[in-house]
*Asks:* 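Pasting in a structure now, in structure tokens, and then I'll have a few things to ask.
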Amino acid sequence: MVTALFCWRVITIPVVGAKTMVEYYSGGTIYQNTSAEFKESLWKNLVMAVNAHMLGSFDKSDLKFFVNRSVWELMDGCKTQALVREASMGGFGQRFSERSAWIVQGPPGPSAVVLLYLHGGGYAVSLSESQIMGMSVIHHALPDEVRKNVSILVLDYSTTVDNCVYPTQIHETLVVYQQLVRKGYKNIVLLGDSAGANLALSVTRFLAYRKEAEDHFGKFPIFRKSFEADLPQPYGLILVSPWVEPLKKPQAPPKGVDVRGDLLDPNSPMGKWYVEGVNVKDAKNWLSFVDTSFNEHWSRIDAFRKANRCLVLYGDREYLRDGIEKWLTIVSKGGGVQQKLEKGGIHDCVFFVEVIDFMGRRNSKQILRAASPVGIKNKFGFSNIVSFLADLTEEIQAIN
Ligand SMILES: *[C@@H]1O[C@H](CO)[C@@H](O)[C@H](O)[C@H]1NC(C)=O
Ligand SMILES: *[C@@H]1O[C@H](CO)[C@@H](O)[C@H](O)[C@H]1NC(C)=O
Ligand SMILES: *[C@@H]1O[C@H](CO)[C@@H](O)[C@H](O)[C@H]1NC(C)=O
């Protein structure tokens, strides 16, 4: 059932709303003061202030009750959104497997790219409408020459709310990955935000370090049947605010960095939920990445060795910033990682803040124009993701 703390936070939402409104029209909210995204939208400030207020109040039972929706329900809901309704999004909402659905589906082939999206939410919160709409924005914002070659698939992996813990999510991702490869989609780019980025890294390590992976994951009953030996590594990785150390409480960022209003609760129990009953010592280097070494754990990964195959985005006001930067110094040794720090950025800004401008019932022509290659120019997350993905797809087109 619903917990008392959760109820209390819900009841006090109007107080947070009122305070945010007063700040918005007087000195400025913390969001307005730090980031251009929030300057002219009271609505965005309200949404973020309320989200930040609600963080830390959930127990598993609250999440079960309020934020546990299947990908099918969500995609049905998104069909009324202008971006989906008014535009040709072939295959939107179609099932690929038991737990995955197409945002847009093109045919397989040597120059076809699949963006496989692994959502964030601490392995506890299910997919959200804003994340699905974020994928739709990426589709529309790709340049015409590459858009047709990029399919987008979302995976609705099991969560800890249903007591599905490590490494269930890794297994479910690999199952879909293998299915894609079997169907002829060989160029797979993993896109993950927060916990989804953690998952993308676990899966990539699995694929690049097969022998070590079999030794470790073979101990878990679900991995009894092994995966094909010659699965290719992901062609590219896009990691947004990656949660690189779920086993540790994040340190507050360096002095002078104001994390007020960040979309992450440093005291969240979600990391603990993920490894409940798991021998953490054994699993450590497969899920928590800050104490790893480049030579031992990353050097075989193509996305870190080859130029422009890995993009990492994060914000300068994130609780997770220190951890992300520590991990970046390790994987940067490969020379291939592009890292971009957003000024005034909070956790997972692209899928929870930037995306707001592309949702709702406003004039659909206006929304479609906004989600074009030109329209996203001033969106830090979307513009970086889209130009990275476009370059990568062009590179693949040129080879084939
Ligand atoms: C935002 O900046 C203004 C001007 O410096 C300041 O008065 C106000 O208190 C700030 N707002 C917050 C929430 O810190
Ligand atoms: C949460 O959603 C998933 C996916 O739809 C479903 O399988 C599961 O039973 C749901 N859990 C609860 C507690 O409702
Ligand atoms: C992908 O790109 C290639 C080369 O530009 C093109 O020939 C091919 O038709 C494209 N595939 C799809 C599915 O559009």
Side-chain angles (χ1 to χ4, degrees), residues 12-55 87-92 94 96 102-116 135-136 138-153 179-189 232 235-236 252-253 255-264 308 315-319 343-347 349 353 373 386-400:
T12 48
I13 284 175
V15 179
V16 174
K19 178 169 170 275
T20 305
M21 260 160 97
V22 169
E23 284 177 357
Y24 185 86
Y25 290 111
S26 54
T29 68
I30 178 65
Y31 303 112
Q32 271 176 305
N33 283 4
T34 51
S35 158
E37 257 316 297
F38 290 93
K39 287 272 182 310
E40 275 143 38
S41 165
L42 172 61
W43 177 242
K44 273 189 198 164
N45 282 274
L46 284 170
V47 170
M48 277 316 111
V50 169
N51 273 322
H53 168 70
M54 293 305 295
L55 285 176
S88 56
M89 294 198 39
F92 185 90
Q94 281 190 13
F96 175 68
W102 292 107
I103 296 287
V104 58
Q105 178 189 13
S111 49
V113 170
V114 177
L115 187 65
L116 174 56
M135 291 305 117
S136 310
I138 292 171
H139 166 73
H140 286 290
L142 283 167
D144 291 341
E145 319 83 76
V146 301
R147 189 184 302 118
K148 279 203 292 296
N149 277 48
V150 181
S151 302
I152 305 180
L153 187 70
Q179 271 173 302
L180 281 170
V181 174
R182 279 184 183 158
K183 290 250 153 78
Y185 295 102
K186 307 265 186 226
N187 306 309
I188 302 172
V189 176
Y235 194 88
K255 256 198 216 121
V257 175
D258 190 344
V259 293
R260 274 183 296 161
D262 188 21
L263 204 58
L264 184 122
N308 305 327
D316 67 7
R317 298 210 309 113
E318 287 203 44
Y319 270 111
K343 187 170 171 295
I346 55 171
H347 186 60
C349 198
V353 185
V386 164
S387 68
F388 175 85
L389 189 58
D391 288 351
L392 205 136
T393 308
E394 273 172 7
E395 185 188 296
I396 293 172
Q397 285 173 337
I399 305 169
N400 292 289

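Just follow the structure's listing: the first ligand is 1, and inside any ligand the first atom is 1.
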*Asks:* Would I103 and F92 count as a side chain to side chain contact (heavy atoms under 4.5 Å, CB included) here? Give the steps.
*Replies:* CA-CA 5 Å; I103 296 287; F92 185 90; 4.2 Å; yes

*Asks:* Evaluate whether atom NZ of K39 has more than 12 neighbouring non-hydrogen atoms of other residues, nucleotides or ligands under 6.0 angstrom away.
*Replies:* yes

*Asks:* Are the side chains of V113 and Y235 in contact, using a 4.5 Å heavy-atom criterion?
*Replies:* no

*Asks:* Report yes if I30 has an N/O atom closer than 3.5 Å to an N/O atom of ligand 1; otherwise report no.
*Replies:*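 I30 vs ligand 1: no N/O contact under 3.5 Å.
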
*Asks:* Kindly state if atom 7 (O) of ligand 3 has a protein heavy atom within a strict 4.0 Å cut-off, that is, under 4.0 Å?
*Replies:*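 False for atom 7 (O) of ligand 3.
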
*Asks:* Over 60° means perpendicular and under 30° means parallel, so classify the ring planes of W102 and Y185, tilted if in between.
*Replies:*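 Ring orientation of Y185 relative to W102: tilted.
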
*Asks:* Do me a favour and list the nearest non-hydrogen protein atom to atom 3 (C) of ligand 3 with residue, atom name and distance?
*Replies:* S111 OG, 3.5 Å

*Asks:* Going by the closest heavy atom to atom 2 (O) of ligand 3, which one wins out of V113, N149, I396?
*Replies:* N149

*Asks:* Check Q32 against ligand 1 and report side chain, backbone, both or neither, counting heavy atoms closer than 4.0 Å.
*Replies:* neither

*Asks:* Establish, from distance only, whether the side-chain atoms of T393 and N149 form a donor-acceptor pair under 3.5 Å.
*Replies:*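 No - no donor-acceptor pair under 3.5 Å links their side chains.
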
*Asks:* Among all protein heavy atoms, pick out the one at the shortest distance from atom 4 (C) of ligand 1; state its residue, atom name and that distance to 0.1 Å.
*Replies:*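 Heavy-atom neighbour on the protein nearest atom 4 (C) of ligand 1: G27 O, 4.3 Å.
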
*Asks:* Just wondering, are more than 12 heavy atoms of other shown residues or ligands nearer than 6.0 Å to CE in M21?
*Replies:*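 Count not over threshold, so no.
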
*Asks:* Heavy-atom contacts under 4.0 Å between K148 and ligand 3: side chain, backbone, both, or neither?
*Replies:*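 It is both parts that get close, each with some atom under 4.0 Å.
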
*Asks:* For atom 5 (O) of ligand 1, what's the nearest protein heavy atom and its distance?
*Replies:*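 Closest protein heavy atom to atom 5 (O) of ligand 1: N33 ND2, 4.7 Å.
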
*Asks:* Could you list which atoms of ligand 1 come closer than 4.0 Å to a heavy atom of R260?
*Replies:* 13 (C), 14 (O)

*Asks:* I'd like to know if P107 contacts ligand 3, where contact means a heavy-atom distance under 4.0 Å to any ligand atom.
*Replies:*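 It does; at least one heavy atom falls under 4.0 Å.
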
*Asks:* Can a non-hydrogen atom of G106 be found less than 4.0 Å from any atom of ligand 3?
*Replies:* no

*Asks:* Counting N and O atoms only, with roles assigned by atom type, does the side chain of R317 sit under 3.5 Å from a partner on the main chain of R260, one being a donor and the other an acceptor?
*Replies:* yes

*Asks:* For residues Q105 and F96, determine if any side-chain heavy atom of one lies less than 4.5 Å from a side-chain heavy atom of the other.
*Replies:* no

